[in-house]
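Nothing here was measured: the structure is a model prediction, and the numbers come from that model. Atoms considered below: every heavy atom in the structure, side chains included; atoms not considered: hydrogens, waters and symmetry mates.
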Amino acid sequence: MSLNEFLAALDALAAEAPDRIAAAADLEAWTEVRNALVGRQAGRLTEILAGLGALPKEDRREAGQRANAVKVGIEEALDTRRAALAAAAATSGPALDLSMPARARWIGAVHPVSLVIDDVIEIFRELGFSIAIGPEAEHAWYNFGALNFPADHPAMDMHDTLYLGDEQVLRTHTSPVQVRTMQRYRPPIRVLAPGNVYRRDFFDPSHAPMFSQIEGLVVDEGVSFADLKATLSHFARRFFGASTRTRFRPSYFPFTEPSAEMDVQCGVCGGGGCAVCKQSGWVEILGSGMVHPAVLEHAGIDSERYTGWAFGMGPARTAISRHGIPDIRILYDSDVRFLEQFAR
Ligand code: PHE
C-alpha cells in the first residue's frame, strides 16, 4: 500500500463519518456506528491502521499523524452525538398532549343532610340557642322513663328499639338530651341538640335504621304555646323562604302536652300535590309541643314556676323535601355523583 492509498482511505472515512453519526437515532444505533467507525475489533479506522506497517518507513510518521487527526475528529463527533441522544432520552416520556384540559380538582362537598343541620343551627343561633349533645348509647330512663313514656308504651317494643342490655338502648330520638340539659343547667334554657338516632327499621325508600334528628328545647318563666308557634313559623320562613306557609296539626307525644306537628307547603310542587308530599301539598317536618310538667319534674325543674316547649325534626326528611329526593337511601350511599351536586 502506498501513502496515497492510505490517506485516501482515511479521507473517505472522515467524509462518511459525520453523516453516519448524525443518522444514529438512539443510543443503540450510536453504539453500532461507533463500533463500525472506530471500534477496536472491526472498526474501519482499525482496519486502515493495520496497513500502517506496510507503508515505507519514511511515510509512517505522516500517515500516523493524519490517522490520529481523523480519529480525534470522529471521536469528538461521536461524543457530541451521544450527549444529544442522552439528553433527548432523559426528557422524553410518554407523549404529552399539552392541549388536554386539566382534570377538575375534587374539593369535596357537604352532605345534603349536614347542610340542613348547618342551616337549622344557624337560624336558631340567631335566636340565642346554643348547642347541646348527649350519648347515642343511652340509659332507657333518659330515652323513655324520664320522658313520661308509660311502661308498656309500644315505642319501647323490641320492634322499634335497639336494646344494648336491660337498661341500655341506642337512643330512638334526641329527646333524652332535653332531660340531660335540664338536669345540668338552670332556666332560661335555649338549646339545639343535633345527633344520630336509631330505630329497628329496615332500609326502604322512606326509612333508615339510623338517621339524624335535631332537638330544640326552651325552658323559662312564662313560655307559652304562642312562643312555640311563632318561633317555629319564623324558622320555616327563614329556612324554606319568606312566603312559605305552615300549618300546625294536633298530635301526641308522651313528653309534650299539648303536642303539634308542623307541616310546610311542599317545596317540590308548591302545594299542588306530588309524589314527595303524597299528593297532599304539605310535608311534615317536625313534632313539637309544650314540655310535659312531669318531664320538667323528672329533670328537677319546678313545673309551677317554669314552662317550656320542645321540637324534634329529621334533617333527612327536610333534605328530601328541599331537593325532591325520591329515595332516602340515596343519602346513605356515598355516591360521589350525587354528593358533588351539593358543593357550595
Ligand atoms: N322525639 C320525637 C320523635 O322522635 C319528636 C319530638 C321532639 C316531639 C320534641 C315533640 C317534642 O318523633
Would you please indicate if the ring centroids of Phe129 and Phe235 are separated by under 6.0 Å?
-> no
Side-chain touch Leu232/Leu286, heavy atoms, less than 4.5 angstrom | yes
Heavy atoms, side chains only, cut-off 4.5 Å: are Gln341 and Pro112 in contact?
-> no
Candidate pair Thr231 and Phe311, rule side-chain contact (heavy atoms from CB on, under 4.5 Å), full reasoning = CA-CA 11 Å; Thr231 307; Phe311 72 92; over 6 Å; no
Consider only side-chain heavy atoms of I, L, V, M, F, W and Y, link residues closer than 4.5 Å, and tell whether Val218 and Leu192 are in one cluster.
-> yes
Can you name the nearest heavy-atom pair linking Gln213 to Pro315, along with the distance?
-> CA-CD, 3.7 Å
Test Glu122 against Phe239 for side-chain contact (heavy atoms from CB on, under 4.5 Å), laying out the working first.
-> CA-CA 10 Å; Glu122 183 58 33; Phe239 187 90; over 6 Å; no
Does the Thr307 side chain pair with the main chain of Ser303, one donor and one acceptor, at a distance under 3.5 Å?
-> no
In terms of heavy-atom contacts, Gly281 and Cys277 come closest through N-SG, 3.2 Å
When you check the side-chain N and O atoms of Gln41 and Thr46, is any donor under 3.5 Å from an acceptor?
-> no
Got a sec: does the CD1 of Ile133 have more than 12 other heavy atoms crowding it under 6.0 Å?
-> no
Taking side chain as C-beta onward, heavy atoms only, is Met262 less than 4.5 Å from Lys229?
-> no
Answer yes or no: is there a donor N or O on one side and an acceptor on the other, between the side chain of Arg60 and the main chain of Gly53, under 3.5 Å?
-> yes
Arg337/Asp335 ion pair, N-O < 4.0 Å = yes
Could you give the distance from CG (Asp327) to OH (Tyr332), rounded to the nearest 0.5 Å?
-> 11.0 Å
Can you establish whether the number of heavy atoms outside Arg125 located under 6.0 Å from its atom CZ is more than 12?
-> no
Does CZ in Arg249 sit with more than 12 non-hydrogen atoms of other residues, nucleotides or ligands closer than 6.0 Å?
-> yes
With no hydrogens and no angle check, is any side-chain donor or acceptor of Asp119 less than 3.5 Å from a backbone partner on Val116?
-> no
Looking only at heavy atoms, the pair that brings Asp220 and Val223 closest together is CB-CG2, 3.5 Å
Heavy-atom nearest pair, His111 first then Leu339, reads CD2-CD2, 3.5 Å
Taking the side chain as every heavy atom from C-beta outward, state whether Ile328 and Phe211 have any atom pair closer than 4.5 Å.
-> no
Measure the CD-CG distance between Glu138 and Asn143 for me, rounded to the nearest 0.5 Å.
-> 6.5 Å
Counting only N and O atoms by type, is there a donor-acceptor contact under 3.5 Å from the side chain of Glu5 to the main-chain atoms of Ser2?
-> yes
In terms of hydrophobic clusters joined by side-chain contacts under 4.5 Å, are Val177 and Phe124 together?
-> no
Determine, for Glu16 against Arg44, whether the closest basic-nitrogen to carboxylate-oxygen distance falls under 4.0 angstrom.
-> no
Taking it one step at a time, do Arg66 and Asp11 satisfy salt bridge (charged side-chain N to carboxylate O under 4.0 Å, His left out)?
-> CA-CA 9 Å; Arg66 292 282 297 273; Asp11 286 344; 3.5 Å; yes
How many angstroms lie between atom CD1 of Ile189 and atom CD1 of Ile301, to the nearest 0.5 angstrom?
-> 4.5 Å
Please tell me if the side chains of Val197 and Thr172 come closer than 4.5 Å, counting only heavy atoms from C-beta onward.
-> no
Within 6.0 Å of CZ in Arg82, more than 12 heavy atoms from elsewhere | no
Any side-chain heavy atom of Ser233 sitting closer than 4.5 Å to one from Phe248?
-> yes
Atom CZ of Phe203 with >12 non-hydrogen neighbours under 6.0 angstrom = yes
Using side-chain contact (heavy atoms from CB on, under 4.5 Å) as the criterion, point out the one residue from Leu115, Ile117, Val110 that pairs with Val113.
-> Ile117
In chain order, what residues pass the side chain to side chain contact (heavy atoms under 4.5 Å, CB included) check against Glu221, with sequence neighbours excluded?
-> Arg305, Tyr306
Flag side-chain contact, heavy atom, 4.5 Å: Glu261 against Phe253 | yes
Work out which heavy atom in Thr174 is nearest to a heavy atom in Glu215; give both atom names and the distance.
-> OG1-OE1, 2.7 Å
When rounded to the nearest 0.5 angstrom, what is the spacing between CZ in Phe255 and NE2 in His292?
-> 11.5 Å
Salt bridge (charged side-chain N to carboxylate O under 4.0 Å, His left out) partner of Asp263, chosen from Lys278, Arg247, Arg317 = Arg247
Output for pair (Leu217 CG, Thr181 OG1), nearest 0.5 Å, gives 6.5 Å
Taking every non-hydrogen atom, the tightest pair across Met182 and Leu296 = SD-CD2, 3.6 Å
Determine, step by step, whether His323 and Ile330 satisfy the side-chain contact (heavy atoms from CB on, under 4.5 Å) criterion, reporting the C-alpha distance in whole Å, the side-chain angles of both residues, the deciding distance to 0.1 Å, and the verdict.
-> CA-CA 12 Å; His323 302 292; Ile330 295 174; over 6 Å; no
Heavy-atom distance under 4.5 Å between the side chains of Asn148 and His298, does that happen here?
-> yes
Over 12 non-hydrogen atoms of neighbours within 6.0 angstrom of CZ in Arg61 | no
Does the ring of Tyr142 carry Arg171 above it, NZ/CZ under 6.0 angstrom from centre and within 45° of its axis?
-> no
Are Met313 and Tyr252 connected in a single hydrophobic cluster, I mean Ile/Leu/Val/Met/Phe/Trp/Tyr linked by side-chain heavy atoms less than 4.5 Å apart?
-> no
CD on Glu58 to CG on Leu3, rounded to 0.5 Å | 9.5 Å
Check for a donor-acceptor pair, side chain of Trp309 on one end and backbone N or O of Ser288 on the other, with a separation under 3.5 Å.
-> no
I would like to know whether Trp141 and Val179 meet side-chain contact (heavy atoms from CB on, under 4.5 Å); could you show each step before the answer?
-> CA-CA 10 Å; Trp141 183 78; Val179 182; 4.1 Å; yes
